[in-house]
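Each ligand, and each atom within it, is numbered from 1 in the order the structure gives. This one's a predicted model, so the numbers in the text were calculated from it and none came from an experiment.
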Amino acid sequence: MQSPIQLEISRRNLLISSAATIAVTGAATGEAVAQGARTSMQHMSKVSLSVNGESYNLDVDNRTTLLDALREHLHLTGTKKGCDHGQCGACTVIVDGRRINSCLTLAVMHDGDEVITIEGLGQPGALHPLQAAFVKHDGFQCGYCTPGQICSSVAVLEEIKANIPSHVTGDLTTQAAVTPAEIRERMSGNICRCGAYSNIIDAIVEVAGTKA
Ligand code: FES
Ligand code: FES
């Protein structure tokens with residue numbers, strides 16, 4: 001049986017050891033939080049982009065796609081997210097002169113690149129010829145695929161002008177022609193659920209100066 005003095009001493013020891021445990025645990029927790037913050041900082045990168053002629057410096061999570069950087073960071077929502085894995089072409093933008101699916105590439109891979117989105121091609125009152133031709137020929141219904149279709153078609157006409165062959169180009173020794181077959185082949189990565197394909201072809205060949 002413990003005396004009241006012994007009981008008091010053991011209670012004091014218990015309190016001291018509990019306080020020490022809390023201090024050690026608190027320090028460990030603080031270290032873990034600091035470690036977590038350091039780790040999460042390592043997930044971030046600085047990216048400089050030129051988008052539609054404007055310079056932007058972004059802090060992005062390394063996992064951010066170019067599509068999400070454009071839509072969520074820069075609020076350029078003209079570029080659409082359809083499938084988000086490279087199957088529909090709704091997210092097509094032009095990077096350093098070449099069309100790409102912005103959902104399939106990370107923003108951090110484009111530091112210093114020049115990006116053109118549908119907003120940079122033209123605006124109401126000053127439409128790009130292809131934007132005007134899509135309107136004239138009803139090259140859309142719901143319009144969801146249209147920004148990607150137009151960005152793609154702008155790049156397609158440049159590809160043909162640069163004599164870059166496609167699978168349907170017959171003679172590789174002469175200048176590639178803008179034919180409906182060439183347009184269909186080169187635009188095959190841009191899906192339109194509304195089925196506005198024939199009007200899209202009409203719009204593109206008209207701008208290219210060729211009859212469909
Ligand atoms: S959203 Fe990028 S290809 Fe469909
Ligand atoms: S216009 Fe609706 S998906 Fe193409």
Ionic contact status for [Y] with [X], cut-off 4.0 Å:
| X | Y | value |
| --- | --- | --- |
| Glu159 | Arg99 | yes |
| Asp68 | Arg71 | no |
| Asp111 | Lys46 | no |

Short side-chain to backbone donor-acceptor contact, His85 and Cys83, under 3.5 Å: yes
Check: Ile160 main-chain N/O paired with Gln175 side-chain donor or acceptor under 3.5 Å: yes
Those atoms of ligand 1 less than 4.0 Å from some heavy atom in [X]:
| X | result |
| --- | --- |
| Asp84 | 1 (S), 4 (Fe) |
| Cys88 | 1 (S), 3 (S), 4 (Fe) |
| Cys83 | 1 (S), 3 (S), 4 (Fe) |
| Gly86 | 3 (S) |

Opening angle at atom 2 (Fe) of ligand 1 [SG, Cys91; SG, Cys103; to 10 degrees]: 100°
Protein contact to atom 1 (S) of ligand 2 [nearest heavy atom, distance to 0.1 Å]: Gln141 N, 3.1 Å
Residue and atom name of the nearest protein heavy atom (relative to atom 3 (S) of ligand 2), distance in Å to one decimal: Arg193 N, 3.2 Å
Flag side-chain contact, heavy atom, 4.5 Å: Lys80 against Cys145: no
Side chain to side chain, Val60 and Met44, heavy atoms closer than 4.5 Å: no
For ligand 2, which atoms, with element, lie under 4.0 Å from some heavy atom of [X]?
| X | result |
| --- | --- |
| Cys145 | 1 (S), 3 (S), 4 (Fe) |
| Cys192 | 1 (S), 3 (S), 4 (Fe) |
| Gly143 | 1 (S), 2 (Fe) |

N/O/S from Cys142 sitting under 2.8 Å away from atom 2 (Fe) of ligand 2: yes
Presence of N, O or S from Cys194 under 2.8 Å of atom 2 (Fe) of ligand 2: yes
Ala196 heavy atom under 4.0 Å from ligand 2: no
Side chain to side chain contact (heavy atoms under 4.5 Å, CB included) partner of Val93, chosen from Asn101, Leu70, Thr105: Leu70
Side chain to side chain contact (heavy atoms under 4.5 Å, CB included) partner of Leu66, chosen from Leu106, Thr79, Val47, Leu49: Leu49
